[in-house]
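So the structure is just underneath, and the comments pick up after that.
Everything quoted here is computed from the prediction, not taken from an experiment.
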Amino acid sequence: MSIEKQQSAPCNTWDKQTIVVHDCHDERHYGAVTMPLYQNSLFTFPCHEEFYEALDSPLHYHLYSRGNNPSVNELERRLAMLEGGEAARCFASGMAAISASIMSAVKAGDHVICVESVYGPTRQFLSSYLLRFGIETTFVDGASMASIEAAVRPNTTLLFLESPTSMTIRLQDLRACGELAQRIGATTIIDNTWATPIYQNPLALGIDLVVHSLTKYVGGHSDIMGGVIIGSKERLERIGQEEFLLYGGIMTPQTACMAMRGLRTLPLRMERLGQNGRQVAAYLEQLPFVKRVNHPGLPSYPQYELAQRQMSGCGSLFSFEAALPVEQLQAWADRLEFFRIGVSWGGYESLVQVVRPEASDESEPLVLVRLYVGLEDPNLLIGDMSRSFQALEQ
């Protein structure tokens with residue numbers, strides 16, 4: 001049976017909480033509350049006529065789990081609905097989705113424009129790996145449309161965005177970027193992991209493709225790796241035939257079921273995380289040695305008005321810049337009881353990372369500290385931070 005026949009039409013009147021919670025009644029699964037785990041590599045057919053149909057159209061039938069798996073397809077359907085997209089494809093990691101989306105939009109000799117403070121591995125892929133195909137990338141200040149427009153070349157085919165960025169927490173004007181790309185005939189791709197589909201929907205602002213690291217907020221429990229590309233049916237069909245099927249970086253059905261579990265509570269978790277993050281950010285803003293708090297939900301944030309226009313809320317990943325020696329901030333972070341030191345984010349646990357400063361002409365450059373505020377009591381976290389700062393003064 002084809003995938004289209006098995007899936008009911010998505011309801012575009014549902015709110016986001018309903019999309020992640022409500023399951024259509026499906027007699028094929030005996031009234032199971034959740035989509036069962038289809039832990040199989042292949043699917044068989046009652047006759048060769050149906051078998052040949054599936055061979056000719058592997059993206060539209062359940063033939064082999066490298067192409068389609070019911071557990072993965074259900075997650076893809078929900079994610080597409082949340083983002084307002086026509087289709088989605090899940091991958092084994094966020095980088096698998098990012099690299100596949102980029103490769104779908106470029107060819108040898110093309111030029112890419114990318115925001116300066118993009119996710120590190122994405123920058124490496126663009127600045128190093130793609131050079132072997134003669135594809136050059138210009139990195140620009142994404143907060144400046146003038147800088148983006150000035151970087152355009154006759155062979156520019158892709159604008160890669162990340163708004164907000166995950167370290168410096170800087171935004172791009174998505175509608176303006178989409179309009180620019182349309183004028184020059186380029187594709188726009190955004191890493192929307194920070195805001196999630198709950199708080200930002202770039203497709204509605206004119207962006208062509210949205211990617212997410214499902215490892216972060218969607219998974220929500222720091223126990224899976226995954227990625228997704230969301231967009232129009234036409235674009236995802238092309239990606240499905242090429243970068244998805246041929247690269248083979250697929251999501252397993254086990255991972256899809258775990259990601260679906262996380263998706264069920266995503267709106268509720270984002271609401272609580274947003275509240276916690278704003279409270280901790282407001283505390284840091286009052287400290288005399290903290291010179292900037294990079295949080296789009298604070299009125300003091302330089303791009304606050306843009307954040308209000310294109311996002312409906314904020315998560316709890318942000319950074320601050322302090323006029324303290326890096327060794328002192330590292331000692332402060334090491335003393336924290338309720339923040340763990342580590343990369344990634346999006347789970348229930350709070351994290352801290354003191355960024356090693358690059359060489360600077362300034363005698364005492366500001367040191368960047370990235371915080372992820374988890375689901376703990378924010379007053380507990382603030383007390384933890386305050387005690388550690390006080391210990392530095394002794």
- Query: Given the side-chain rings of Y217 and W345, with only the six-membered ring counted for Trp, is the space between their centroids under 6.0 Å?
  - Reply: yes

Sequence neighbours left out, cut at 3.5 Å: what donor-acceptor pairs do the side chains of residues 326-339 make with other protein atoms?
| residue | atom | partner | partner atom | Å |
| --- | --- | --- | --- | --- |
| W332 | NE1 | M385 | O | 3.3 |

Closer than 3.5 angstrom, by distance alone: can the side chain of N276 be matched with the main-chain N or O of G374 as a donor-acceptor pair? yes

Residues at least two apart in sequence or cross-chain that pass side-chain contact (heavy atoms from CB on, under 4.5 Å) with S144, listed by chain then number, are D141, A146, S147

Side-chain donor/acceptor of S117 to backbone N/O of I169, under 3.5 Å: no

Should R175 and E179 be marked as a salt bridge (Lys or Arg N to Asp or Glu O under 4.0 Å) after you check the CA-CA gap, both sets of side-chain angles, and the distance that decides it?
CA-CA 6 Å; R175 191 176 296 279; E179 291 172 352; 5.5 Å; no

ask   = Looking only at atom types and distance, does a side-chain atom of N68 sit under 3.5 Å from a main-chain N or O of L59, one as donor and one as acceptor?
value = yes

Main chain of S166, side chain of E162: is a donor-acceptor contact present, judged purely on distance under 3.5 Å?
yes

Counting distance only, does the side-chain N/O of E86 pair as donor-acceptor with the main-chain N or O of S232 below 3.5 Å? no

Is there a donor-acceptor pair closer than 3.5 Å between any side-chain N or O of K16 and the backbone N or O of P197? yes

*Would you tell me whether Q124 and Y129 have side-chain atoms, one donor and one acceptor, within less than 3.5 Å of each other?*
no

Once the angle between the rings of F51 and F45 is folded into 0 to 90°, is it parallel (under 30°), tilted (30 to 60°) or perpendicular (over 60°)? tilted

Q.
Please determine whether the number of non-hydrogen atoms from other residues, nucleotides or ligands lying under 6.0 Å from atom CD of Q241 exceeds 12.
A. yes

query = Would you call the rings of F244 and F91 parallel, tilted or perpendicular, where under 30° means parallel and over 60° means perpendicular?
reply = perpendicular

- Query: Is it true that a side-chain atom of H295 and a backbone atom of G297 form a donor plus acceptor pair closer than 3.5 Å?
  - Reply: yes

#### Entry: Evaluation steps, side-chain contact (heavy atoms from CB on, under 4.5 Å), between I230 and L209
CA-CA 6 Å; I230 306 168; L209 291 173; over 6 Å; no

Next on the checklist: Please check if the number of heavy atoms outside Q182 that lie under 6.0 Å from its CD is greater than 12.
Outcome noted: no

Within the distance-only criterion (no hydrogens, no angle test), does the side chain of D110 pair as donor or acceptor with the backbone N or O of K107 below 3.5 angstrom?
-> yes

Only residue of N69, T44, N73 satisfying side chain to side chain donor-acceptor pair (under 3.5 Å) with H62 is N73

Nearest heavy-atom approach of S222 to E349 is OG-OE2, 2.7 Å

Is it the case that more than 12 heavy atoms not belonging to R170 sit under 6.0 Å from its CZ atom?
no

- Task: For Q310 and L174, indicate whether the former's side chain and the latter's backbone hold a donor-acceptor pair under 3.5 Å.
- Result: yes

- Count the heavy atoms belonging to other residues, nucleotides or ligands that lie under 6.0 Å from OH of Y64, then report whether that count exceeds 12. no

By side-chain contact (heavy atoms from CB on, under 4.5 Å), A176 pairs with (sequence neighbours left out) M145, D173

